[in-house]
Protein chains: 2
Amino acid sequence: MDGRLLRGERSRGAILDAAVGLATEAGLDGLSLSQLAQRLGVSKSGLFAHWASKEDLQLAVIDQARLQWVDRIVSPALRQPRGVRRLWAAHETRIAFYAEGLLPGGCFFANAQFEFDARPGVVRDRLAEAFAEWLALLERLAAEAIEAGELPAGTDPAQLAFEVNAAGVAAVLHSRLLDPADTFARARHAVLRRLRDLTTDPTLLPEA
Amino acid sequence: MDGRLLRGERSRGAILDAAVGLATEAGLDGLSLSQLAQRLGVSKSGLFAHWASKEDLQLAVIDQARLQWVDRIVSPALRQPRGVRRLWAAHETRIAFYAEGLLPGGCFFANAQFEFDARPGVVRDRLAEAFAEWLALLERLAAEAIEAGELPAGTDPAQLAFEVNAAGVAAVLHSRLLDPADTFARARHAVLRRLRDLTTDPTLLPEA
DNA sequence: CCTACCGATCGGTAGG
DNA sequence: CCTACCGATCGGTAGG
């Protein structure tokens, strides 16, 4: 095995996983093709063999991060029973994912969305789409909890989705600048207290 | 007036104000000295006459943004009566500042903090210091509302500060990727409802 | 404050 | 997939 074969085995997916991690540190735009190639032990033109331009790579990186988000956060939450428990699980798995520290530079999406929210183009549009999809999921889970009679009929699902997401976004920022353990406890507590205040059946949720 | 004099009149403060705005679009690191010089109509070395390096400029830009934050958000809030009204005002003036759209690329601090939270150094440290200062202010305002008997004695001021700030951070991100007007209404509503639920005297706050 | 320049690095291409 | 190269731009410096 002379290294070429080994490098040849690096799949598109393995390159993209490395790129997601690097993007959390250097930024999705700060991510340079030379740096990424060097970290992977391939040449820059090896990357151009997969993606025609840096922008194409950025879009592929976003898609990879979406797969990761679904795998690590959405899917585990959906294994919980429909209703307020599933909404709570969506927040909890997210905080657990952050606390695990898999990505070296924090949340890929929070970083990239703040980075690109003033730069019109296809990258920003893709990020906005991912964000809208996540919020729509939270809103759907809230609506299902209302339908199940576990949250009051007058609850606004979109407002609740905003509040749950707010605790998640703040958890990333807060944890990376100040004390992480305190932060994650506060981010969990904020949503748990809110849901326990609202729910018609507090026994469905852990103690605050 | 031959232009040189006019350019010469550009004070340090005027350069820094332009830099704060440019940094919200390009990032505090993406901010290039050439671009800033070009926008101001001076040469690059004109900037080096004020700051010895890009990092020095970045620190000065952060300090300028802190002055702006105090002037536009903290000071107006402190003109409200001590207690739950002042805590509410701190959130409201912040959202109003965002809604006004003075900075072309959103919130300087949210952008810069996400950009630098994985890049150790003096810039990150200065941003973390500004963040801690803001949270300490919110916590102090919450503690004062408790002392004044306007919030229940058992309230955790740091937890409440986390929640108020979370709504603010989420307001920036959300407003720049989706509908701004909806977002600001939700960000106001989230905190107002929380404070009205907690307070011993709801007449101190606007209707939810 | 200016012009003119430095080496390093960027995204991207040519040719194999 | 590789090496070798392109023009553009970066932060920073020299000399005035």
Side-chain angles (χ1 to χ4, degrees), chain A residues 1-20 22-23 25-62 112 115-116 119-124 126, chain B residues 1-20 22-23 25-62 112 115-116 119-124 126:
Chain A
M1 227 184 252
D2 65 1
R4 256 183 308 175
L5 184 60
L6 201 72
R7 289 199 298 276
E9 283 170 3
R10 291 196 173 276
S11 66
R12 212 182 114 91
I15 296 175
L16 290 176
D17 278 332
V20 170
L22 193 55
E25 295 182 296
L28 183 55
D29 205 59
L31 179 72
S32 100
L33 297 172
S34 317
Q35 279 174 20
L36 179 60
Q38 194 177 9
R39 177 172 297 200
L40 290 165
V42 299
S43 71
K44 229 172 46 173
S45 68
L47 299 177
F48 281 108
H50 291 278
W51 302 279
S53 68
K54 180 175 180 178
E55 192 172 79
D56 277 357
L57 173 63
Q58 288 172 323
L59 293 175
V61 169
I62 293 170
E115 188 182 0
F116 275 90
R119 303 186 201 181
V122 290
V123 173
R124 195 209 92 107
R126 191 71 64 94
Chain B
M1 234 188 247
D2 65 0
R4 253 185 308 177
L5 184 59
L6 202 71
R7 288 200 299 277
E9 283 171 5
R10 289 196 174 275
S11 67
R12 213 182 115 91
I15 296 175
L16 290 176
D17 278 333
V20 170
L22 193 56
E25 295 181 299
L28 183 55
D29 205 60
L31 178 74
S32 100
L33 297 172
S34 315
Q35 280 174 21
L36 179 60
Q38 194 177 10
R39 177 172 296 202
L40 289 165
V42 298
S43 71
K44 229 173 44 173
S45 67
L47 299 177
F48 280 108
H50 289 280
W51 301 278
S53 70
K54 181 176 181 178
E55 192 172 78
D56 277 357
L57 173 63
Q58 288 172 324
L59 293 175
V61 169
I62 294 169
E115 186 182 3
F116 276 89
R119 303 187 200 180
V122 291
V123 173
R124 194 207 94 106
R126 190 73 62 99

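Remember, predicted model here, so these are calculated numbers, not experimental data. These numbers come from the heavy atoms of this one structure, side chains and all, not from hydrogens, waters or symmetry mates. In the text below, chain A, chain B and the rest are named by the order of the sequence lines, each starting its count at 1.
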Student: Taking CD from B/Gln35 and P from D/dT9, how many angstroms apart are they, rounded to a whole number?
Tutor: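 Checked: the CD to P distance equals 9 Å.
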
Student: Could you list the residues that satisfy side-chain contact (heavy atoms from CB on, under 4.5 Å) with B/Ser45, not counting sequence neighbours?
Tutor: B/Ser43

Student: Heavy atoms only, 4.0 Å cut-off, all strands: where does A/Ser32 land among base, sugar-phosphate and nothing?
Tutor: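 Sugar-phosphate contact only - A/Ser32 comes under 4.0 Å of backbone atoms but never of a base.
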
Student: Who are the side-chain contact (heavy atoms from CB on, under 4.5 Å) partners of A/Ala26, not counting sequence neighbours?
Tutor: none

Student: Without decimals, in angstroms, what is the distance between A/Leu40 CG and D/dC2 C1'?
Tutor: 16 Å

Student: Strictly distance-based, threshold 3.5 Å: is any side-chain N or O of B/Gln58 a donor or acceptor partner for the main-chain N or O of B/Val123?
Tutor: no

Student: Could you check how far CG of A/Leu36 sits from C1' of C/dC10, rounded to whole Å?
Tutor: 14 Å

Student: Identify the stems formed by DNA chain C, where each pair is Watson-Crick or G-U wobble with both distances under 3.5 angstrom and a stem is at least 3 consecutive pairs.
Tutor: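 Runs of three or more consecutive pairs: C:1-16 with D:1-16.
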
Student: Measure the CH2-CG distance between A/Trp51 and A/Leu16 for me, rounded to the nearest 0.5 Å.
Tutor: 4.0 Å

Student: Over all strands shown, is A/Leu31 touching base, sugar-phosphate only, or nothing at heavy-atom distances under 4.0 angstrom?
Tutor: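 Answer is sugar-phosphate: A/Leu31 comes under 4.0 Å of backbone atoms only.
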
Student: What residues form a side-chain contact (heavy atoms from CB on, under 4.5 Å) with A/Ser53, not counting sequence neighbours?
Tutor: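 Once residues adjacent in sequence are excluded, the partners of A/Ser53 under the side-chain contact (heavy atoms from CB on, under 4.5 Å) criterion are A/Glu55, A/Asp56.
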
Student: N/O contacts under 3.5 Å, protein versus nucleotides 12-16 of chain D?
Tutor:
{"unit_1": "D/dG12", "atom_1": "OP2", "unit_2": "B/Lys54", "atom_2": "N", "d": "2.7"}
{"unit_1": "D/dG12", "atom_1": "N7", "unit_2": "B/Lys44", "atom_2": "NZ", "d": "3.2"}
{"unit_1": "D/dG12", "atom_1": "O6", "unit_2": "B/Lys44", "atom_2": "NZ", "d": "2.6"}

Student: Just so I know, are the side chains of A/Val42 and A/Ile15 near enough to count as touching, which here means a heavy-atom distance under 4.5 Å?
Tutor: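 Contact flag for A/Val42/A/Ile15 side chains = no.
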
Student: CD of A/Gln38 versus P of C/dA8: gap in Å, rounded?
Tutor: 15 Å

Student: What's the closest nucleotide to the side chain of A/Ser34 if the choices are D/dC1, C/dT3, C/dC10?
Tutor: C/dC10

Student: Using salt bridge (Lys or Arg N to Asp or Glu O under 4.0 Å) as the criterion, list what pairs up with A/Arg124, not counting sequence neighbours.
Tutor: none

Student: Can you measure from CZ (B/Arg119) to CG (B/Leu28) and round to the nearest 0.5 angstrom?
Tutor: 9.0 Å

Student: How close or far is atom P of C/dT9 from atom CG of B/Asp29, stated in whole angstroms?
Tutor: 15 Å

Student: If the condition is salt bridge (Lys or Arg N to Asp or Glu O under 4.0 Å), which residues does B/Glu25 pass it with, not counting sequence neighbours?
Tutor: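 For B/Glu25, the residues satisfying salt bridge (Lys or Arg N to Asp or Glu O under 4.0 Å) (neighbours in sequence not counted) are B/Arg39.
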
